[in-house]
Structures are given as structure tokens and as C-alpha cells.
Amino acid sequence: MIYTVTLNPALDRTLYGESLAPGQSTRVRHEARYAGGKGIDVSRALREMGSDNVALGLIGGFDGKELEGRLLLDVISCLFTRISNETRTNIIIQDESSGVETALLARGPEVQPSELMDFLETLENLPDMSFLVISGSLPPGLTPEVYCRVISVGNERGARVVLDTAGEALRQGIRARPAVIKPNRFELAELAGRELAGVRAVSEYCMSL
């Protein structure tokens with residue numbers, strides 16, 4: 001079974017309008033709401049390709065319930081850990097006249113130590129783990145070492161672990177030896193502390209990790 005992990009999922013709310021201008025009121029023509037988060041996007045893509053998978057993560061409050069409900073309506077299996085604080089909502093503003101998009105990305109809810117341990121207990125007891133895909137940012141209250149622990153659990157279970165994150169979370173996560181990392185070129189340059197020009201430079205740096 002493929003499991004995806006999104007520790008900081010979001011309810012993405014997109015508002016569509018025309019001729020937006022700072023300081024002026026604009027009527028919203030229509031809006032859309034989606035379950036968001038990198039790991040959730042992976043689950044959605046896998047489902048579209050016909051691959052069974054289960055989405056894991058941390059959700060809380062009314063927005064967390066809506067997020068889970070939207071995934072269930074999309075026929076995406078979920079096994080979320082409940083937390084006391086509200087799942088974040090991202091606001092995306094789409095100017096249909098210019099095509100310009102502005103995203104307001106929330107930090108996410110504070111996660112308590114006991115809630116983290118509930119999630120890890122769920123992870124450690126999952127059946128038939130063949131792939132573990134860990135994606136996205138960490139919510140407040142969790143340190144990058146959390147990804148090391150999650151990767152270690154996957155490795156101990158014999159899963160091929162994929163890590164898709166950035167910054168210090170990526171730097172720390174690599175220490176736990178995931179099978180695959182998926183930074184983009186900007187995230188990889190940040191990790192290396194320098195621009196990596198060309199495929200050879202990228203390959204040589206990645207081999208040194």
C-alpha cells in the first residue's frame with residue numbers, strides 16, 4: 001500500500017473576481033474550495049492513475065472535517081489524526097481579467113506533543129507499507145527532526161520513502177536516508193548554499209549528500 005503524509009494540510013479557498021485593485025472593494029464572482037497540501041495532491045494524482053493509497057496527516061476543527069469530507073467525496077481513502085486546533089485555510093485570489101493569482105498561505109495550527117505521538121502510533125501500526133510519501137511544510141510546534149522520525153519508521157517497515165519538502169526540514173530529513181528526495185532547483189540551491197548550474201553539478205552535489 002502507498003501512504004502519503006501531509007502534516008500541515010490546508011483547506012484551499014479560491015476567490016475569483018475581475019479588475020482587482022489594492023484598497024478597493026471587489027465583488028467575488030464565484031469561489032471554489034479544495035482539500036490542499038502536497039501529500040494530498042500526491043494522493044489525488046495516484047487516485048487518478050488508479051493506484052490505491054491512503055492519505056495520512058493532522059486535521060482539526062470544522063475546516064479539518066470539511067477537508068476530510070472533500071477527500072472522501074473524491075474517493076480518496078484517509079486516516080487522519082485529530083488535533084485540537086483548527087486546520088489552516090489558504091486564500092487564493094484569482095483576477096480573471098489579468099490572470100494574476102495571489103496566494104495568502106496560513107502558517108497552520110499549533111500541534112501538541114501528545115497529538116504528534118498519536119500520529120506516530122498510527123504510522124507505526126499501518127499494514128502493508130510499500131511506499132511512504134512525505135510532503136510539504138511542518139505546522140507550528142513541530143521541528144524538522146519529526147521528518148527524521150517519520151522516515152525512520154518507513155525504513156524500519158521496509159517501505160521506499162519519498163521526501164518532498166524544503167529548507168531545514170529537507171536538510172534534517174536527508175539524515176534519515178529516504179530513498180528519494182524531490183527538491184526543485186531553487187530548494188536544492190538553498191540546501192547547497194550555492195547555485196547549481198547544469199545537470200552535472202546537480203548530480204555531483206546529490207551524490208555527496
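Only heavy atoms go into these numbers, but all of them, side chains included; no hydrogens, no water, no symmetry mates.
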If you define the side chain from C-beta out and look only at heavy atoms, does anything of [X] sit under 4.5 Å from [Y]?
X	Y	answer
L138	T143	no
T6	L56	no
L120	V150	yes
V54	M1	yes
L116	L142	yes
E18	R29	yes
Y147	L163	yes
V161	F131	no

Can you see which heavy atom on [X] is nearest to which on [Y], and at what distance?
X	Y	answer
P9	I40	CB-CD1, 3.8 Å
V42	T4	CG1-CG2, 3.9 Å
S43	A55	OG-CB, 3.7 Å
P183	L170	CB-CD2, 3.9 Å
A10	L67	O-CD1, 3.2 Å
A169	P144	CA-CB, 3.7 Å

Pairwise distance [atom1]([X]) to [atom2]([Y]) - rounded to 0.5 angstrom:
X	Y	atom1	atom2	value
E187	T165	CD	OG1	7.5 Å
T89	D12	OG1	CG	8.5 Å
E145	Q172	CD	CD	4.5 Å
S77	Y3	OG	OH	9.5 Å
I134	K38	CD1	NZ	13.5 Å
K182	L188	NZ	CG	11.0 Å

Chi angles and distances behind the side-chain contact (heavy atoms from CB on, under 4.5 Å) call for Q112, I83: CA-CA 8 Å; Q112 302 304 314; I83 62 174; over 6 Å; no

Donor-acceptor pair, distance only, cut-off 3.5 Å: does the side chain of [X] make one with the backbone of [Y]?
X	Y	value
E121	D118	no
N155	A176	yes
Q94	T14	no
E115	S84	yes
R88	N8	yes
S51	R47	no
N90	A106	yes
S130	A159	no
E68	K65	no

Evaluation steps, side-chain contact (heavy atoms from CB on, under 4.5 Å), between Y16 and V28: CA-CA 6 Å; Y16 297 86; V28 175; 5.6 Å; no

CZ (R82) with more than 12 external heavy atoms under 6.0 Å: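 Counting other residues, nucleotides and ligands, CZ of R82 exceeds 12 neighbours.
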
R157, CZ atom: more than 12 neighbouring heavy atoms under 6.0 Å: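 Result for CZ/R157: enclosed.
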
Determine, using the 4.5 Å side-chain heavy-atom cutoff (strictly less than), whether [X] and [Y] are members of one ILVMFWY cluster.
X	Y	result
L20	L104	yes
V162	L123	no
M49	I2	yes
V111	V153	yes
L46	V133	yes

Derivation of the side-chain contact (heavy atoms from CB on, under 4.5 Å) call for D164 and I181: CA-CA 6 Å; D164 179 12; I181 60 172; over 6 Å; no

Residues R171, E190: salt bridge by 4.0 Å N-O rule: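 Salt bridge flag = no for E190 with R171.
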
Residues R44, E48: salt bridge by 4.0 Å N-O rule: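 Result for this pair is no, no salt bridge flagged.
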
Residues V5, L132; criterion side-chain contact (heavy atoms from CB on, under 4.5 Å); working and verdict: CA-CA 7 Å; V5 173; L132 182 64; 3.7 Å; yes

Flag for S97-D95: side-chain donor and acceptor within less than 3.5 Å: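 The answer is yes; a qualifying pair exists.
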
E66/R70 under salt bridge (Lys or Arg N to Asp or Glu O under 4.0 Å): CA gap, chis, key distance, verdict: CA-CA 6 Å; E66 180 178 347; R70 290 186 177 279; 2.9 Å; yes

